[in-house]
Amino acid sequence: MNPALQTPTLFSSLTAWLSHLETAHPVGIDMGLDRISRVKDALGLQFDCPVITVAGTNGKGSTCAYLESILLASGYKVGCHMSPHLLVFNERARVNGEEVKDDLLLEHFAVVEKARASLADAPTLTYFEFTTLAIMHLFSKANLDAVVLEVGMGGRLDAVNIVDTDCAIVTSIDIDHADFLGGTREAIGFEKAGIFRAGSIAVCGDPVPPQSLIDHAEKLGCDLWLQGRDYNFQGDKQQWAWAGRQKRFSGLSYPALRGANQILNASAVIAALMALHQRLPVSAQDIRNGFAMVELPGRFQVLPGQPTIVLDVAHNPHAAATLGQGLDKMGYHPYTYAIFGAMADKDIAGVIKPLLNNVDFWFCTNLPTPRAASATALSEKLVDLGVAVKNGEDGGIECFPDPAAAYQKALSMAGEGDRIVIFGSFYTVAGVMAYRNNQAH
């Protein structure tokens with residue numbers, strides 16, 4: 001055996017695989033495509049169906065969910081990769097609307113690992129790189145009609161970008177992950193435009209796209225669809241309409257996903273599908289059905305019952321502002337309790353500020369990851385922003401060891417007309433969802 005070659009490291013359970021992958025590469029985030037591209041080439045990975053890639057600061061998950069739902073309503077066989085997951089890893093790999101089972105995932109984890117280990121000076125891969133490659137390989141062997149891929153972070157140097165997309169969608173551009181992507185919308189716009197391909201379809205749903213994104217698309221000769229130039233929408237309280245490049249849809253019902261920016265996301269999705277209509281034709285009824293049937297937990301998800309429960313993974317200032325707009329439109333609630341957990345590297349003050357007028361009681365929580373800001377650190381940030389630790393019986397700040405403990409306390413205090421908003425990191429929402437699921441069983 002060539003001494004430079006490695007013996008593949010294989011595992012018999014998904015849990016063991018994921019545990020191994022968390023430390024398989026020296027750092028959790030390592031931007032660049034050189035290492036993963038070598039393994040991709042060893043796999044001979046390619047797709048025989050249209051690929052749609054979705055990037056953006058916020059709205060990626062909703063956009064992928066809309067695409068998947070409409071294409072399924074049209075009768076296509078669809079693979080959809082989204083990340084991160086909330087409760088189980090399998091959420092990241094969906095085929096025909098169903099989460100892929102462990103056994104099938106394990107087959108493709110093993111294929112990727114054998115390809116990686118077969119290389120001279122075999123590169124190590126991050127958790128995201130390895131699992132994304134395995135899911136892509138699974139999709140490539142599943143006889144799909146369409147593949148939808150969500151970018152993890154940025155675009156140009158993200159693992160998803162090893163695939164040449166047929167249609168790239170950039171949802172929104174705002175400041176997030178500035179250490180990796182840059183500190184301006186122009187810099188971040190260029191990174192996200194890195195998923196564009198020469199001569200291919202590019203859609204931007206942001207109503208104020210950075211010039212860097214437009215310039216990059218024009219340089220590549222993309223078929224660029226801009227909101228406000230190539231398509232637009234309008235609506236009232238009951239319904240909305242879309243128009244663009246010789247096509248109109250009127251009398252559309254609002255999508256099942258709630259939130260202030262969902263029409264922006266939905267409009268970009270229609271633009272993408274119109275641009276792809278030669279390869280993936282969809283009807284007006286497919287679009288209506290897809291918007292009506294779509295589901296995506298944790299995106300301004302309002303649970304039935306009282307008190308009102310809102311789950312939202314808003315974890316940057318742009319998303320928090322959107323969450324605030326959504327809360328404003330919900331009507332009167334005597335008190336609002338916020339359960340808030342966040343990563344330490346986020347603009348925490350920027351996330352809090354848009355919600356200061358919406359929240360009475362702040363329940364800050366630790367999260368089960370070393371990247372998280374402590375509950376104490378979050379509470380100190382609130383105090384810095386003028387929130388009183390104790391505001392009589394009408395508000396204040398408390399710290400909790402985990403989201404479930406914060407949720408239990410909020411439930412014990414909230415009256416029927418009150419509102420509990422769980423937001424911030426995916427870990428915050430997942431912690432409450434897991435607690436609720438355990439209570440239900």
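Residue numbers start at 1 and run along the sequence shown.
Of the possible polar contacts, one joining the N96 side chain to the V78 backbone as a donor-acceptor pair under 3.5 Å is found. In this structure, E186 contributes its side chain and Q211 its backbone to a donor-acceptor pair below 3.5 Å. A donor-acceptor distance shorter than 3.5 angstrom exists from the side chain of D158 to the backbone of V160, with no hydrogens or angles considered. Proximity of a side-chain donor or acceptor of R116 to a complementary backbone N or O of Q6 within less than 3.5 Å is not detected. Between the side chain of Q325 and the main chain of T322, no donor-acceptor pair closer than 3.5 Å is present. Put simply, the side chain of T165 gets close to the backbone of V51: a donor and an acceptor are under 3.5 Å apart. Within the 3.5 Å criterion, the main-chain N or O of A241 finds no donor-acceptor partner in the side chain of R248. Judged purely by atom type and a 3.5 angstrom limit, S200 has no side-chain atom pairing as donor or acceptor with the backbone of F196. Side chain of R419 to main chain of M330: no donor-acceptor pair is present (N/O by atom type, distance under 3.5 Å, no hydrogens or angles). No donor-acceptor pair closer than 3.5 Å links the side chain of E107 to the backbone N or O of L104.
Between the OG1 atom in T428 and the NE2 atom in H315 there is a gap of 10.5 Å [rounded to 0.5 Å]. Within the model, atoms CD of E191 and CG of L213 stand 11.5 Å from one another, a figure rounded to the nearest 0.5 Å. The structure places NE2 of H177 at 3.5 Å from NZ of K346, a figure rounded to the nearest 0.5 Å. Annotation: the span from L67 atom CG to I270 atom CD1 amounts to 10.5 Å, rounded to 0.5 Å. Taking CD1 of I169 as the start and CD1 of I201 as the end, the distance is 9.5 Å to the nearest 0.5 Å. In this structure, CG on L72 lies 8.0 Å from CZ on R94, to the nearest 0.5 angstrom.
Put simply, the side chain of P209 reaches to within 4.5 Å of the side chain of L226, judged on heavy atoms. Within the 4.5 Å cutoff, the side chain of F423 has heavy atoms near those of the L355 side chain. Side-chain contact between L327 and F300: present, with at least one pair of heavy atoms (C-beta onward) separated by less than 4.5 Å. I70 is not listed as a side-chain neighbour of V294, based on a closest heavy-atom distance of 4.5 Å or more. Side-chain atoms of N90 and H85, non-hydrogen and from C-beta on, never get closer than 4.5 Å to each other. Under the 4.5 Å side-chain criterion, counting only non-hydrogen atoms from C-beta, L71 is not in contact with D145. For the pair E129 and R35, the minimum side-chain heavy-atom distance is below 4.5 Å. Side-chain atoms of K141 and H108, non-hydrogen and from C-beta on, do get closer than 4.5 Å to each other.
Side-chain rings of F363 and Y407 stay apart, their centers remaining 6.0 Å or farther from each other.
With hydrogens and angles left out, the side-chain atoms of S212 and D215 include no donor and acceptor closer than 3.5 Å. With 3.5 Å as the limit, one finds no donor-acceptor pair spanning the side chains of S83 and R92. A donor-acceptor pair shorter than 3.5 Å cannot be found between the side chains of N58 and R299. Between the side chains of N265 and Q262, at least one donor N or O lies within less than 3.5 Å of an accepting N or O. The closest side-chain donor-acceptor pair between D174 and T57, if any, does not fall under 3.5 angstrom.
When all heavy atoms of L224 and A217 are compared, the closest pair comes out as CD2-CB, 3.9 Å. Taking every heavy atom of both residues into account, V170 and G56 meet most closely at CG1-CA, 4.5 Å. Minimum heavy-atom separation, G97 to E68: CA-OE2, 3.7 Å. The two residues C204 and Y231 have their closest heavy-atom pair at O-OH, 3.3 Å. In terms of heavy-atom proximity, F190 sits nearest to H216 at CE1-ND1, 3.9 Å. For the pair N161 and G194, the tightest heavy-atom approach, listed with the atom from each and the gap, is ND2-O, 3.1 Å.
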Verify side chain to side chain donor-acceptor pair (under 3.5 Å) between S283 and D286, making sure each step is shown before the conclusion. CA-CA 5 Å; S283 70; D286 298 331; 3.0 Å; yes
Mind running side chain to side chain contact (heavy atoms under 4.5 Å, CB included) on R156 and L33 for me, showing each step along the way? CA-CA 9 Å; R156 182 173 63 92; L33 301 182; over 6 Å; no
Tell me, with the steps shown, if M343 and L367 meet side chain to side chain contact (heavy atoms under 4.5 Å, CB included). CA-CA 8 Å; M343 296 296 120; L367 297 174; 4.0 Å; yes
Take V421 and D312 through the test side chain to side chain contact (heavy atoms under 4.5 Å, CB included) and record every step on the way to the result. CA-CA 8 Å; V421 182; D312 195 292; 5.7 Å; no
Verify side chain to side chain contact (heavy atoms under 4.5 Å, CB included) between H318 and D176, making sure each step is shown before the conclusion. CA-CA 9 Å; H318 181 258; D176 198 15; over 6 Å; no
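When the options Y127, F11, F89 are evaluated for a ring pair (Phe, Tyr, Trp, His ring centres under 6.0 Å) with W17, the one that passes is F11.
Using a 4.0 Å cut-off between charged nitrogen and carboxylate oxygen, D166 and R197 do not count as a salt-bridge pair. In this structure, K192 does not pair ionically with D206, as no charged nitrogen and carboxylate oxygen lie closer than 4.0 Å.
No more than 12 heavy atoms of other residues, nucleotides or ligands lie within 6.0 Å of CG in N143, so this atom counts as exposed by the packing criterion. The environment of K353 atom NZ is sparse: at most 12 non-hydrogen atoms of other residues, nucleotides or ligands sit within 6.0 angstrom. When the shell of 6.0 Å around CG of N437 is examined, it contains more than 12 heavy atoms from other residues, nucleotides or ligands. Within a 6.0 Å radius of CG in D236, more than 12 heavy atoms belonging to other residues, nucleotides or ligands are found.
The aromatic rings of F249 and W242 lie tilted to each other, with the angle between the two planes from 30° to 60°.
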